Number of protein chains: 2
Amino acid sequence: MALDHAILVSLAERSASGYDLARRFDKSIGFFWKATHQQIYKVLARMEAAGWLEATAVEEPGRPAKKVYALTADGRGELTRWTAEPTPTESVRSDFAVKVRGMQFGDRGAVIADIARQRDRHIDRLAYYEADCTKHFPEPERLTDGELPAYLVLRGGIRTEQTYIEWCDEMLDALGAPKPRSKR
Amino acid sequence: MALDHAILVSLAERSASGYDLARRFDKSIGFFWKATHQQIYKVLARMEAAGWLEATAVEEPGRPAKKVYALTADGRGELTRWTAEPTPTESVRSDFAVKVRGMQFGDRGAVIADIARQRDRHIDRLAYYEADCTKHFPEPERLTDGELPAYLVLRGGIRTEQTYIEWCDEMLDALGAPKPRSKR
DNA sequence: AGATACATGTAAAATGTTACATGATTTT
DNA sequence: AAAATCATGTAACATTTTACATGTATCT
């Protein structure tokens, strides 16, 4: 009951094949939920069997045929039911935090290098999100009801990345380590 | 290769029984990694078989006997090896973000109420972290090398909660909904 | 000729969740 | 007397990850 709903939301936005979905899960919706194509194909088959989805074979010349999935009335019903449910507390799971906490029992220098790497990665991701935001929502003051949710979720991603970078900065300062790139 | 290292870090800090660990995973280390007792007992058995841990039966009058686990040299070796590995990008998984993104296809009012609920929960968690921080690290300017990592990880938790609350505020404002409690 | 993009899957292994199971002691 | 805390597990099920499998078309 997890990837299922992420796929339902994505298909509600626009019908797609398993392959298309796999690419979406590498960006846009994938910023907040990761999934591989193997997982996606399996869940699509299960949801089609459950009657939440309908598949249509689409052939384009010079390309393999694809199965495009669309929500059925039952699928839309399930999506509505799910949105009305209160979200359970998300189970936190941060390898990185555990590693920082365990640095004194391992390779201190390597962990500091890892913090610096993590910082770089989040700087890149922040830049990516900000570019995405400017591109899709150039005028945040004038958003339609349809655009608002995607915008707000992206704002959450931007805030999260900023916070992560600031946290890495605080750690590198406290550990007396230099920061690898300019930014701050 | 996930809960394993969280348990190794916790046991490196102090030897414990499965039951003790289950309680630690309800707080402290559990802020960054969730695990149930069923999972913990299974992983402990596996790691003992692998020679990373050693169990000693401890009996206290008026209480059931417990098996206290401690790291072996191999266990410490594995922990060091793991800390030296670069941390792979964490796979994001936010039910809540997916739900916000899908609000237009479901029950808008229910999702707004859910955002308010989420906000309250993170206000509570922030208060908890801050109290924990004041209690364990009353003088953050004077931390020993042993205290620093746990302090920094807690700081990360505090920053994360603050950001989450601010994000919920932004969403409630944008959606024209009132905020349930004082705070801001 | 080799790499990348398009397109869809199966199978095995590892991990995680939920339900079941038991029994002593302490607190309300 | 019932509920909570202490203490350790097994079993079934669901989910996720990793490896295997296949084939066409386009780009370099």
Side-chain angles (χ1 to χ4, degrees), chain A residues 1-8 11 15-27 30 32-50 53 55-69 87-95 98, chain B residues 1-8 11 15-27 29-30 32-50 52-53 55-69 78 82 87-95 98:
Chain A
M1 319 282 172
L3 175 54
D4 300 43
H5 297 101
I7 289 178
L8 288 176
L11 289 178
S15 297
S17 69
Y19 188 83
D20 296 334
L21 283 168
R23 278 180 315 172
R24 285 187 201 169
F25 277 87
D26 282 335
K27 36 178 198 167
F32 314 102
W33 200 281
K34 289 286 170 216
T36 60
H37 76 271
Q38 292 93 332
Q39 250 183 299
I40 291 167
Y41 284 119
K42 215 182 287 181
V43 174
L44 283 173
R46 172 157 42 85
M47 293 201 293
E48 193 188 1
L53 303 180
T56 316
V58 173
E59 296 196 45
E60 282 176 273
R63 288 220 177 150
K66 54 171 156 178
K67 283 201 266 179
V68 173
Y69 290 90
T87 309
T89 307
E90 357 215 283
S91 51
V92 193
R93 217 152 258 189
S94 171
D95 252 299
V98 173
Chain B
M1 318 282 168
L3 175 54
D4 301 44
H5 297 102
I7 290 178
L8 288 176
L11 289 178
S15 297
S17 68
Y19 187 85
D20 296 334
L21 283 168
R23 277 180 315 170
R24 286 187 200 170
F25 277 87
D26 282 336
K27 36 178 198 164
I29 194 134
F32 314 102
W33 202 280
K34 289 287 171 218
T36 59
H37 76 271
Q38 292 93 331
Q39 248 183 303
I40 291 166
Y41 284 118
K42 215 183 289 183
V43 173
L44 283 173
R46 172 158 42 86
M47 293 201 293
E48 194 188 1
W52 293 354
L53 303 179
T56 316
V58 173
E59 296 194 44
E60 284 176 89
R63 289 222 175 147
K66 55 170 154 175
K67 282 202 265 181
V68 173
Y69 290 90
E78 170 56 23
W82 175 72
T87 308
T89 308
E90 358 213 283
S91 50
V92 193
R93 217 154 259 188
S94 170
D95 252 301
V98 173

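We name chains A, B, ... by the order of the sequence lines, and we start the count at 1 in each one. Remember, predicted model here, so these are calculated numbers, not experimental data.
Here the options are B:L21, B:D4, B:L8, the test is side-chain contact (heavy atoms from CB on, under 4.5 Å), and the partner is B:V43; only B:D4 passes.
Phosphate proximity of C:dT8 to A:S17: present, with a side-chain N or O under 4.0 Å from OP1 or OP2. Between B:Q38 and C:dA19, a side-chain N or O to OP1/OP2 separation shorter than 4.0 Å is absent. Applying the 4.0 Å criterion to OP1 and OP2 of D:dC6, one finds that B:R23 has a side-chain N or O inside that range. Proximity of B:R93 to the phosphate of D:dT16: a side-chain N or O atom is located under 4.0 Å from OP1 or OP2.
Ring geometry, B:W82 versus B:H5: the interplanar angle falls under 30°, so the pair is classed parallel (tilted spans 30 to 60°).
Here B:L53 contributes atom CG and B:E48 contributes atom CD; the two are 7.0 Å apart, rounded to the nearest 0.5 Å. Put simply, CZ on B:R93 and CH2 on A:W33 are 6.0 Å apart, with the number rounded to the nearest 0.5 Å.
A salt bridge links B:R23 with B:D20: the distance from a Lys NZ or Arg NE/NH1/NH2 to an Asp or Glu carboxylate oxygen falls below 4.0 Å.
The side chain of B:Y69 approaches D:dG9 more closely than any other nucleotide in the set D:dT17, C:dG16, D:dG9. Minimum atom distance to the side chain of A:Y41 is reached by C:dG9, of the listed D:dT8, C:dG9, D:dT16. Of the candidate nucleotides C:dG16, C:dT8, D:dT16, C:dT8 has the atom lying nearest to any side-chain atom of A:Y19. Taking the side chain of B:K42 as heavy atoms from C-beta on, and the options D:dT16, D:dA11, D:dA7, the nearest nucleotide is D:dA11.
Straight-line distance from the CG atom of B:D26 to the P atom of D:dA7: 15 Å, rounded to whole Å. If you take NE2 of B:H37 and P of C:dT18, they are 13 Å apart, rounded to a whole angstrom. Atom pair B:I7:CD1 and C:dT15:P shows a separation of 12 Å (rounding to whole Å applied). In this structure, A:I40 places its CD1 atom 13 Å from C1' of D:dT16, rounding to the nearest Å. The interatomic distance linking B:E60 (CD) with D:dA7 (C1') rounds to 12 Å, in whole Å. The distance from atom CZ of A:F25 to atom P of D:dT16 is 11 Å, rounded to the nearest whole Å. If you take CZ of A:R63 and P of C:dT4, they are 18 Å apart, rounded to a whole angstrom. For B:Q39 and D:dT16, the CD to P distance is 14 Å, given to the nearest whole Å.
Within 4.0 Å (heavy atoms only), A:A35 reaches no atom of the nucleic acid at all. Within the nucleic acid shown, A:K67 comes within 4.0 Å of sugar-phosphate atoms alone, with no base atom in reach, counting heavy atoms only.
Checking B:V68 against B:S91, the closest nucleotide of DNA chain D that is more toward the 5' end is the one next to B:V68. Comparing B:T36 and A:G18, the nucleotide of DNA chain C nearest to each residue sits closer to the 5' end for A:G18.
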